[in-house]
Structures are given as structure tokens and as C-alpha cells.
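In what follows, chains are A, B, ... by sequence order, proteins preceding strands, each numbered from 1. Computed from a prediction, not measured in an experiment: that's the story for all the values here.
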2 protein chains.
Amino acid sequence: MSVAAKTVSDVIHSHLGVLTRAERQLAESLLDNYPVSGLGSITTIAENAGVSTPTVVRMVQKLGYKGYPDFQQHLHQEVEATISNPIAKHDRWAQNAPGTHILNRFADAIMGNLRQTLTDLDTATFDNVAALLSDRKRTLYFVGGRITGALAEYFFTHMQVIRPNTALLSSNSSSWPQYVLNMNPGDLLIIFDIRRYEQEMASLATAARKRGAEIIVFTDQWGSPAAKLARHAFRVQIEAPSAWDSSVVTLFIVEALIEAVQNSTWDETKERMKTLEGLFEQTRLFRKPG
Amino acid sequence: MSVAAKTVSDVIHSHLGVLTRAERQLAESLLDNYPVSGLGSITTIAENAGVSTPTVVRMVQKLGYKGYPDFQQHLHQEVEATISNPIAKHDRWAQNAPGTHILNRFADAIMGNLRQTLTDLDTATFDNVAALLSDRKRTLYFVGGRITGALAEYFFTHMQVIRPNTALLSSNSSSWPQYVLNMNPGDLLIIFDIRRYEQEMASLATAARKRGAEIIVFTDQWGSPAAKLARHAFRVQIEAPSAWDSSVVTLFIVEALIEAVQNSTWDETKERMKTLEGLFEQTRLFRKPG
DNA sequence: ACTGTCATGAAAAGAAATTTTCAGAGCGAG
DNA sequence: CTCGCTCTGAAAATTTCTTTTCATGACAGT
């Protein structure tokens, strides 16, 4: 049953080492555009891979299948599994029935946003930002607007556990000047500014820059004015079938950054988290003696 | 090339009228679990549909295809189109390259979470919750824990714009009793409680129930203790390749609910949003005269 | 250079799948 | 009831696919 449990892709990968040249060539052809490339007849896939049909037979038998039909049947099952998930299923509904349930329309939009955002996003930018956030000498200031304030808070709450020197600016701008006053060169100001850009964000960014702070902006595809002042900007797709913009993808990037930072300084973070657990425990005991 | 432009499904539907009994039987078998059911050989699909192979050939020719292989090739193209959507494509990256960039690993996990959550989620539950949230006679109380507080805030901020009678409980439990005191029968308490369940959430839920409030819980796949007291619970998959749990899918559901509520009372909401814009404008002018 | 081993594909053999043929069944019209 | 029509699947014919066989060539070790 070892074959049945794993995906065909897994099986191919685990056998890559024992494949011959022509077989590897075939394997790569199959994995490229997997699993659709394996849908046709043995003749077709042999031609696509530029090998002979006996090579195909030999390889699938080497992989543990009884023959090509057996191999293909496994592939069909995988295609079915892939295609029968709710999201893929939705894509098919969507073509035929535009008015499906809102959950599906949302899922569709979010997938598109995520894909587009990841396509546009340079991993180097991500890595650079993660490195900046990991630098404990830099104090982190988080700020968001009316809607995005919750994202800033979410990011802040995690970073506060992971590292020292973090601050959350209220979304009310009246308290900002005092924070700016304390900023030192190299500090980071992380701004969330999604459309209906708040003019004050750009002012804040300018003030922070004057104090020598670096600026990181999370904005939408059109770009906050604050993004022009930023060292790094994340342009996130935010469109949803809704009167509101979607923050799901922004949160996605925030979570990925949290993990990247945590990972790069795991030893220190681990200690901090342990200490924090202890403090929580104490608070609890303090509140409820007995 | 009218055949090439349309999907096989469309072609079948448009021909349903001119199909004979056995052919219709076959067509229904194909449309059921489409397009995967058409992946096998003509023999297989004939057997599945309970008709003879000549019937299959006659039907596909009636549909305008040259023969079964031609028909199947079109189907393969459709499967490819469906399966090559961003999500499925990403799944394949992730499988093929286990050690890829954290963004990709995260995207993979989120896709899985979303898929699983949508599979488990009953749309009736969603619709019921949306209806409860739309009922303006019920006051909404939002509460979250240390991490999930930001989600509660996000939800609250939107609902506050959309409808009256909303309140956000601080994540600090000391202020909760006064809110409970004001709860009336039919009011809704929306709780976010993800693992490291906070004991106080269950206490809060119990107290709210005694006051006649209905409870809606957002929790993880293991289930908060508060979920037992809830009228409706959303069990969200929260696993991420991280030391932290992911809130992305929870946010997804929240956003979908926001849209559902907004949609069900659009006329009233529109007025509120206009008024709100006006108020913002006034505040701005007030702050910066000139 | 010789030999043995292995990989590879051409081609033949074998096995399925696909299409065609055709006879019987069902059914409505006269 | 009979005729004519269509629908249907069994079975034959055909085509295609799959597997096996085998000759060739590459290459490492002697």
C-alpha cells in the first residue's frame, strides 16, 4: 500500500535517484505541469517527454505500478482529489453560475489577491524587511488607520513577545508627535495605509524620516502617499466582492514576517516566550489565589 | 469552432433537448462529478452510466466531436484549465519543493486551511450567523483574547459602521462584568477564542447566557470550551508553518460575514456610511481649519 | 582492445479501446 | 395488427494503445 498512500508526485521524487537519463527526462516532463501532463495516452506522454514508450512502461513499473494503466488510474484519482476541493470546485461553478454563495465568491477573490500579491512581491524585499525587523537595536513603531489599526495591533502584539523595543501608536493621530520625538536613527516605523489614505500618515512618515527612522509601508495596489517615503513597501491586492477592502492578504504577509523574524532569532525568542509564560502564570495566580 | 469556445459542460447542456433516453442518462452521469467522470476510457464511462459504448460514441458525435478521443481531449484541456488555477498550481510548487521560501510555505498552509475550513463549514451556519448579526434589535458584543483581540476589533470596527448597537469588550477581563450587566435577551456575544483557551472566556460565555444572550464563537479545530455554550461556532483551521497560529482564515470568514450583513441591509447601511463620511469630514475641518 | 552490463528505442506482439455494423425491441401512426 | 421509425446494445471490425522482445550503442572494468 505504500504506493497508494503517497501521491504520484511523491513517488516520482523518491525514485529520482534510481532513474536513468531517459527516465529522469520523462519524470521531469511529468512533473512539469503535473498532474495534467499525465492525462493522455502513453504514446502522447512519451512524445511530449521525447522518449520512447518502453521507457515510460519501464519507469512506471520501477515506480511500483503494475503498468501504465495502473499508473494513470492513480493520477486520475489525484486529479479528482485536486479538482474536487471546494475552491477548485468553485472556479467551475463560477463560470456557470455567477451568483454562488458569498463564501465562495470571497474565496475566489482572496485566492486571486494572494496569487497576484505573491507574483508582484519580491522575496528580497520580504527578506530585507524581515532582517530589519529582527534587528533588536531598532525600535519598532506600528501604526494603522481606522480599519487597518487592527492589523497594526496584531503585528505589534506578536513582535512584542518576540523582541524588545516595540511600540504601538494609537490610530488617533494626536499622540503621534511624542512617539516621533523618541525615534532614533535606524528605528523602524511600520505603517498600514490602505485606500482612503489618511493624509496624516504621510505627515507622520515625513516627520519620522526627519528623525532618521526607516519606513515600511503596507498599502494597496495603488500605493499610499507614504509609500514614496518608505524604504520598503508591500503592495497588497485588496479587492473583494464587497463594499469593503480585504485585509486577508495583508494579514498573510504579516504572519509570514512574524515567522521569519521569530525564526531568525529563535534562541532569544524562546527564552522570552518562556519568561512570558511564567509571567502570565504569576498574574493568574495573583488574581485567583487558591 | 463553436465547440472549442464553449466548455464541454455547456455543450452537453445545450444539447440536452435532443438527446435520447440512454444518451441523457450518460450525460447526467458525466455532469455528475464533472469533469473528472470523463477521464477514463469509453468503456469505463459507459459502464458508470449504465449504457453501451456505442451510445457514448453516438452522443459525443451528436455533440459535435469527431469521436471519443476528440471529446476526451477537450475534457482534458478543461481539467488542465481548472487545475492550473493559482491555488492548485501553488500546491504543486509546495509539494515539489519542500524547502522553498517561507512565503510559499505559508501560502500553502493557508490554502490548505481555507480549503479545509470551507469543507467543514456549513453554509447554513454562516447564513444564520449573518442573519443574527443583521438584526439591529440585538446588540453585538465583541471580545477576543490576547492575540485574537485584533480580530475582534477588526470585526467590531466594521460592524460599528454598518449598524448601531455594537460594543467591543477590552481583552482585559476586568471590565467584562459591566458589559454583561447590560446584556439583554437576544443580544449577541461574538467570542474569538483560539488555543491557549482562556478560561475566562468560558466564564464570560456562561454569564452572558444567563442574561439571555446568544453566543457565537470563532475557534480552532479543537474547539474552545466556550463553543459548547454557543448557538453557532466557526471551527477554523489555524495551522501554519510557524510557532504561531494563523488568523488568516478567521479573518476571511469575518470579512465574508461583514459583507453578508452589509448586503442584507444595504439601504440602511448606505445612509449610515454617508452620514459617517460627513462626520469625518467635519472632524477634519474642525482639526485643521483653513 | 575485449567483454559484460546497462540503457534505449524500433518493431513486433498482445491487449484494449473505439468505431461500425446490424438485429431486435419499443412505440406511435395508420 | 402492421408498418415504419428510432433507439439500443451485442458483437465484429478496426484502430489505437500497451507491453514485450530484441538489436544497438554507450561505457566501465579488465
Side-chain angles (χ1 to χ4, degrees), chain A residues 3 8 11-32 35-80, chain B residues 3 8 11-32 35-80:
Chain A
V3 163
V8 174
V11 175
I12 294 178
H13 273 109
S14 68
H15 283 75
L16 275 180
V18 298
L19 296 183
T20 66
R21 178 190 57 73
E23 284 168 356
R24 197 183 315 263
Q25 189 176 328
L26 168 62
E28 270 160 26
S29 165
L30 284 176
L31 290 177
D32 179 58
V36 178
S37 42
L39 247 44
S41 72
I42 195 173
T43 319
T44 314
I45 69 159
E47 267 176 21
N48 285 345
V51 301
S52 64
T53 57
T55 301
V56 180
V57 175
R58 279 190 294 261
M59 190 186 80
V60 300
Q61 287 175 349
K62 198 183 269 185
L63 295 181
Y65 302 96
K66 214 181 157 192
Y68 186 75
D70 183 34
F71 168 81
Q72 202 175 42
Q73 196 187 315
H74 282 260
L75 219 42
H76 281 177
Q77 280 170 11
E78 255 176 69
V79 170
E80 169 155 19
Chain B
V3 164
V8 174
V11 176
I12 294 178
H13 274 113
S14 68
H15 283 74
L16 275 180
V18 298
L19 296 183
T20 66
R21 178 189 57 73
E23 285 167 356
R24 198 184 316 263
Q25 189 176 328
L26 167 63
E28 271 160 24
S29 165
L30 283 176
L31 290 176
D32 179 57
V36 179
S37 41
L39 246 44
S41 72
I42 195 173
T43 319
T44 314
I45 70 159
E47 267 175 20
N48 284 345
V51 300
S52 65
T53 56
T55 300
V56 180
V57 174
R58 278 190 295 262
M59 191 186 79
V60 300
Q61 287 175 349
K62 197 183 270 186
L63 295 180
Y65 302 96
K66 213 181 158 194
Y68 186 74
D70 183 34
F71 168 80
Q72 203 174 40
Q73 195 187 315
H74 282 261
L75 219 42
H76 282 178
Q77 280 169 11
E78 257 176 69
V79 169
E80 168 155 19

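For dC7(D), neither phosphate oxygen OP1 nor OP2 lies less than 4.0 angstrom from any side-chain nitrogen or oxygen of R21(B). Dashed line: the shortest gap from a side-chain N or O of Q72(B) to OP1 or OP2 of dT16(D) is not under 4.0 Å.
Rounded to whole angstrom, the span from the CG atom of L19(B) across to the P atom of dT6(D) amounts to 17 Å. A straight line from CD of Q61(A) to P of dT21(D) spans 11 Å, rounded to a whole angstrom. In this structure, the CE atom of M59(B) is 13 Å from the P atom of dG9(D), given to the nearest Å. One can place OH of Y68(A) at 6 Å from P of dT18(D), the figure rounded to the nearest angstrom. Atom NZ in K62(A) sits roughly 16 Å away from atom P in dT19(D) (whole-Å rounding). When the P atom of dC17(D) is taken as reference, atom CZ of F71(A) falls 17 Å away, rounded to whole Å. Taking atom CD on Q73(B) and atom P on dC17(D), their separation rounds to 11 Å, with Å as the unit. Note: CD1 (I42(B)) to C1' (dA10(D)) measures 15 Å, nearest angstrom.
Interface residues of residues 50-57 of chain A facing DNA chain D, ordered by number: T53(A), P54(A), V57(A); criterion, heavy-atom separation under 4.0 Å.
Taking a heavy-atom distance under 4.0 Å as the criterion, the stretch of DNA chain C touched by chain A extends 5' to 3' from dA7(C) to dA11(C).
No contact: Q25(B) has no heavy atom under 4.0 Å from any strand. Within 4.0 Å of R58(A), counting heavy atoms only, lies at least one base atom of the nucleic acid.
Taking CD of Q73(A) as the reference point, atom NZ of K66(A) lies at 10.5 Å (rounded to 0.5 Å). The line from CD1 of I42(A) to CD of E47(A) is 12.0 Å long, rounded to the nearest 0.5 Å.
Nearest heavy-atom pair across A22(A) and V51(A) is O-CG1, 3.5 Å.
For the pair L19(A) and L16(A), the minimum side-chain heavy-atom distance is below 4.5 Å. The shortest side-chain heavy-atom distance between Y65(A) and L75(A) does not fall under the 4.5 Å cut-off.
A distance-only check finds no donor-acceptor pair linking the side chain of E28(A) to the backbone of A49(A) [under 3.5 Å]. Under the 3.5 Å distance criterion, the side-chain polar atoms of S37(B) are matched with a main-chain donor or acceptor of L30(B). Using modelled atom types, no side-chain atom of E23(A) and backbone atom of V60(A) make a donor-acceptor pair closer than 3.5 Å.
Taking a 6.0 Å sphere around NZ of K62(A), one finds it holds more than 12 heavy atoms contributed by other residues, nucleotides or ligands.
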